[in-house]
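Input: a single structure, listed below in structure tokens.
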Amino acid sequence: MHNHSLFEFVGQFSSELFELVCRIENQLLDQPLASLIQARLYTEQLVKIISKEEGIEDIYPLKHSERIHKLYRQNGVEEDIYLKLEWIRKKGNKAAHDIKEVNINDVLQVHKFLFEISVWYMQVYVSYDFEEPIYKLPIKKAQETTNPLEAKGLDILIKPYVDQTMQKMDEMWAEVQRELESLKEDKKQLQTEASISEAISQQQSEVAATAEEATLAYSQVKPQVLGVKQKLNEEDKRSTLRETTTIDSIFARNNFNLTKKTKKATEFEHMDIGEVLYLMPYKDISIVLNPKTVENNPNFKGGKESHSTALTQFPKKIKNGKTPTSYGYSFKFKTEGELDAFLKNLNDSLI
């Protein structure tokens with residue numbers, strides 16, 4: 001029964017996951033124990049996909065819990081998604097080792113979480129302009145289900161859980177929250193260490209630059225000659241870039257240097273003023289600008305709001321769930337020439 005499934009969009013990135021989530025939907029109320037176990041399997045497979053996208057398993061494979069934790073620590077998933085993945089993992093583990101009757105409320109909440117996680121993945125990794133369907137539970141008619149609760153009774157049972165906030169969840173949710181606080185401390189420590197390492201690297205670069213200047217002064221090379229050489233070198237670089245037809249060269253031609261590249265986005269920074277923008281890895285040429293740039297410049301209206309954890313240099317706000325996500329405004333181009341013209345206009349307006 002795949003027709004008109006709420007999860008139909010999942011088939012765009014994985015036919016296997018689509019088949020699995022359809023089975024979960026079909027047996028959600030009749031076989032709640034199996035539904036919880038398969039929901040855990042669904043998130044495990046999806047997290048493996050995300051893990052490969054983020055390149056965090058290049059050396060050795062990780063356990064499901066390790067993947068979730070590492071993705072959170074490395075900003076691969078935000079807090080809201082982490083909590084839902086962990087809660088489903090724990091509920092699935094408990095269902096697999098405990099044959100006691102499952103609380104029907106758990107499978108209802110799992111279904112909603114699966115939907116929200118899948119929509120998040122779709123928007124971040126597949127299509128940033130994907131419009132999520134209206135959420136609905138797969139309630140069967142009374143004659144279609146062996147569950148003793150009739151459809152009318154299910155409506156009454158379900159309503160409080162569809163709009164339920166995270167603060168009203170069960171003890172397992174509280175346990176996941178406590179683990180998250182511990183992970184936050186680890187994450188802060190890693191960020192502090194990274195900041196110290198970056199500061200040391202900057203100091204080393206400054207020392208090296210000072211030493212180079214001293215060497216040049218000692219050799220009595222005239223500043224005018226140095227200026228000419230520098231200009232020639234820059235012109236040679238520009239000339240080489242013009243000979244290429246890659247998208248990177250278009251950015252370089254418009255004073256944007258590549259600063260970071262991941263599976264989710266390529267970051268470019270303006271070499272003069274530090275303005276950052278992102279090239280998204282989609283079939284169409286798509287870039288995302290800083291919301292402050294777009295909102296303060298009438299020349300760049302018309303972009304579509306885009307949320308992604310890849311936009312690390314941009315401000316955050318809440319779109320779905322409870323956790324703010326980095327966002328910007330996306331612009332699409334059919335040809336490299338259109339991108340070049342847009343970047344030229346952007347470059348002129350920034351300087």
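Model, not experiment: these values are computed from the prediction.
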Is any side-chain heavy atom of [Y] closer than 4.5 Å to one of [X]?
X: Thr43; Y: His64; answer: yes
X: Ile104; Y: Leu29; answer: yes
X: Leu20; Y: Gln38; answer: yes
X: Pro315; Y: Pro291; answer: yes
X: Pro133; Y: Phe115; answer: yes

(message) Is it true that Glu267 and Thr259 share a donor-acceptor pair across their side chains at a distance under 3.5 Å?
(response) yes
(message) What I want to check is whether the side chains of Ser51 and Lys70 have a donor and an acceptor closer together than 3.5 Å.
(response)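 Ser51 vs Lys70: no donor-acceptor pair found between side chains.
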Describe, in one word, how the ring planes of [X] and [Y] are oriented to each other, choosing from parallel (under 30°), tilted (30 to 60°) and perpendicular (over 60°).
X: Tyr329; Y: Tyr327; value: perpendicular
X: Trp87; Y: Phe113; value: perpendicular
X: His270; Y: Phe256; value: perpendicular

(message) Under the criterion salt bridge (Lys or Arg N to Asp or Glu O under 4.0 Å), I'd like the reasoning laid out for Lys317 against Glu305: C-alpha separation, chi angles, the key distance, then a yes or no.
(response) CA-CA 11 Å; Lys317 75 175 186 178; Glu305 189 173 301; 3.0 Å; yes
(message) Here's a test for you: under side chain to side chain contact (heavy atoms under 4.5 Å, CB included), which of Glu86, Glu79, Glu78 qualifies with Tyr72?
(response) Glu79
What's the separation between atom [atom1] in [X] and atom [atom2] in [Y], rounded to the nearest 0.5 Å?
X: Gln12; Y: Ser118; atom1: CD; atom2: OG; answer: 12.0 Å
X: Asp340; Y: Asn345; atom1: CG; atom2: CG; answer: 11.5 Å
X: Arg73; Y: Glu66; atom1: CZ; atom2: CD; answer: 9.0 Å
X: Leu277; Y: Leu343; atom1: CG; atom2: CG; answer: 6.5 Å
X: Lys332; Y: Met280; atom1: NZ; atom2: CE; answer: 11.5 Å
X: Ile37; Y: Gln31; atom1: CD1; atom2: CD; answer: 10.5 Å

Test of ring centre spacing under 6.0 Å for [X] and [Y]:
X: Tyr135; Y: His111; answer: yes
X: Tyr278; Y: Phe314; answer: yes
X: Tyr121; Y: Phe13; answer: yes
X: Phe342; Y: Phe300; answer: yes

(message) Tell me the closest heavy-atom pair linking Met271 and Ala252, and the distance in Å.
(response)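 Distance-wise, the nearest heavy atoms are CE-O, 4.5 Å.
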(message) Between Glu16 and Arg23, does any NZ, NE, NH1 or NH2 come within less than 4.0 Å of an OD or OE carboxylate oxygen?
(response) no
(message) Whether Lys84 and Glu116 form a salt bridge (side-chain N of Lys/Arg under 4.0 Å from carboxylate O of Asp/Glu) is what I want to check.
(response) yes
